[in-house]
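Letters A, B, ... mirror the listed sequences (proteins, then strands); counts begin at 1.
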Protein chains: 2
Amino acid sequence: MARAGGTDPAPTGAGERGLPPAVVARLTVYLRALGGFLADGVERVSSEALAEVSGVSSATLRKDLSQLGSYGTRGVGYEVENLRQHLSEALGLTRDWRVAIVGAGNLGRALARYGGFGTRGFDVVALLDTDPQIIGNEVGWLRVGDAANLEAVFRRTRTNMAVLALPASAAQAACDRVVAAGVRSILSFAPTILQVPEGVTLRKVDMATELQILAYHAQRGESGGQSGEPAGDPA
Amino acid sequence: MARAGGTDPAPTGAGERGLPPAVVARLTVYLRALGGFLADGVERVSSEALAEVSGVSSATLRKDLSQLGSYGTRGVGYEVENLRQHLSEALGLTRDWRVAIVGAGNLGRALARYGGFGTRGFDVVALLDTDPQIIGNEVGWLRVGDAANLEAVFRRTRTNMAVLALPASAAQAACDRVVAAGVRSILSFAPTILQVPEGVTLRKVDMATELQILAYHAQRGESGGQSGEPAGDPA
DNA sequence: TTGTGTGAACGATTTCACAGCC
DNA sequence: GGCTGTGAAATCGTTCACACAA
């Protein structure tokens, strides 16, 4: 491993010093690929095989994994379950994340009902809206709460992540309030640029943006092949 | 400008030779920011101001824009409307893109109803599903079609982009069919890794992945600030 | 012998700093 | 005087190629 002090032979896996954003993004891909192998009953994979289904080169994969520690066996490969465990820890998925969805429109409801969030570890603990017509409705296992009580709900549910599923016009105000309530990790589906203070991590997901990027490639006839998770951000 | 031949004094704006993926991703951010300025009645912006709201450095912004051509005025700045026009063209947004949504579950319906796709230029021309319970339902301005007729529908509607909004288990098969039907630009919301042949551009959007990346940052206490659109992909 | 882990080479992107034009 | 456009420098990320361990 790169820079282990020596006092801690088995690092928590949380990443010693900070992983490059591009690496973090790829780790989530590997994690998913490992899930696939696990489901197929595969117990060991080579960097070659894992890289193949992940859409990266085996060199990149080995470099990435080596940043977390030496979890492979030379001449053999990686143990699927073991590696999965380490990746989960490195990504912080062994803790509980309590997610509140702000905005219970079409998208917010769809996200709330989505249930199994692809990976465990994320619990949707609240779904809020400002529309009296919507407040009180049942969506999945949740009842839509009043966004007016956002701070109280966040406190009670110990929310530590927020998903913004609102129109552009309402997003910044809601974002500010979420931040003021102490949430430092935000995923926004609102089709607008949001400003957050230092110390808050904001990620943005937006169909319009994605379609525009597709349009660019389509327009030039050319095209890349598979593109996994777009790489990380400047921060 | 970098490499204009000289015979074409006003390039179509479509990008002469191929823009780096990171640049394309940022162009969409600038485009949105310009929309904001336009709505506020602002007619000129400096690279400093535009960069500020876009969450990038002014040097990066100028470098990016200079790859399209010299659309600014030294000592003055950029004209908002003019620059917006050029960015739209560079991204290929002046053509019509006909988008089919495959999968009319919670997410597919939410996307279909989303209507104004943030930016014009993208028309949702079809919404398909395999579930007889869902086929025929009205969603927004569309009626859910039978995915069994996918090829015919795509031909009739001249679909040239597809959005996959299906469970992981159905995604690869649907993706293959979409590709076989001649669509070369695909946006997938399915929480799974998809393989596409060379020549097809696939982008992936996935809440689980995004939450995992947030978890990583949250877990390390540290955090980046604003992160606009995550940068481009290896392809 | 196989396949990981990793320094070193390479390539891409961002930042710097300033020349050039308004 | 102010701000864009851009070479050059610095930084970051990927690929190569091989030492090393099983």
Worksheet item: Atom CD of B:Gln67 to atom P of D:dG7: distance rounded to whole Å?
Response: 12 Å
Worksheet item: How many Å lie between CD on A:Glu52 and C1' on C:dG3, as a whole number?
Response: 16 Å
Worksheet item: With side chains defined as the heavy atoms from C-beta onward, is the minimum distance between B:Arg84 and B:Phe37 less than 4.5 Å?
Response: no
Response to the item:
Taken to the nearest whole Å, CG/A:Leu50 to C1'/C:dT4 is 13 Å
Worksheet item: So, do A:Leu65 and A:Tyr30 sit near enough that their side-chain heavy atoms are less than 4.5 Å apart?
Response: yes
Worksheet item: Atom OH of A:Tyr30 and atom P of C:dT4: how far apart are they, to the nearest Å?
Response: 13 Å
Discussion item. Between B:Asp206 and B:Ala208 (side chain of the first, backbone of the second, donor and acceptor by atom type, cut-off under 3.5 Å), is there such a pair?
Written reply: yes
Discussion item. Please confirm whether the shortest side-chain N or O distance from A:Ser66 to OP1 or OP2 of C:dT4 is below 4.0 Å.
Written reply: no
Discussion item. In whole Å, I'd like the distance from the NE2 atom of B:His86 to the C1' atom of D:dG5.
Written reply: 16 Å
Worksheet item: Side chains of A:Leu107 and B:Tyr114: does their closest heavy-atom pair fall under 4.5 Å?
Response: no
Discussion item. Counting only side-chain nitrogens and oxygens, does B:Ser57 get under 4.0 Å of the OP1 or OP2 atom of C:dT15?
Written reply: yes
Discussion item. Expressed as a whole number of angstroms, how long is the span from A:Leu61:CG to C:dG5:P?
Written reply: 10 Å
Worksheet item: What residue among B:Ser46, B:Ser57, B:Ser47 forms side chain to side chain donor-acceptor pair (under 3.5 Å) with B:Arg62?
Response: B:Ser47
Worksheet item: So, is A:Thr60 near the phosphate of D:dT15, with a side-chain N or O under 4.0 Å from OP1 or OP2?
Response: yes
Worksheet item: Any side-chain N or O of A:Ser47 less than 4.0 Å from the OP1 or OP2 oxygen of C:dG3?
Response: no
Practice prompt. Report yes or no: does A:Arg98 contribute a side-chain atom to a donor-acceptor pair with the main-chain N or O of A:Arg158 at less than 3.5 Å?
Written response: yes
Practice prompt. Could you tell me whether a side-chain N or O of A:Gln172 sits under 3.5 Å from a main-chain N or O of A:Gln195, the two making a donor and an acceptor?
Written response: yes
Worksheet entry | Heavy-atom protein contacts under 4.0 Å, nucleotides 16-22 of chain C, coded B base, S sugar-phosphate only, - none | -B-BBBB
Worksheet item: In whole angstroms, how far is the C1' atom of C:dT13 from the CG atom of B:Leu65?
Response: 16 Å
Worksheet entry | Rounded distance (Å) that lies between atom P of C:dT2 and atom CZ of A:Arg44 | 15 Å
Practice prompt. Output yes when at least one side-chain N/O atom of B:Tyr71 is less than 4.0 Å from OP1 or OP2 of D:dC3, else no.
Written response: no
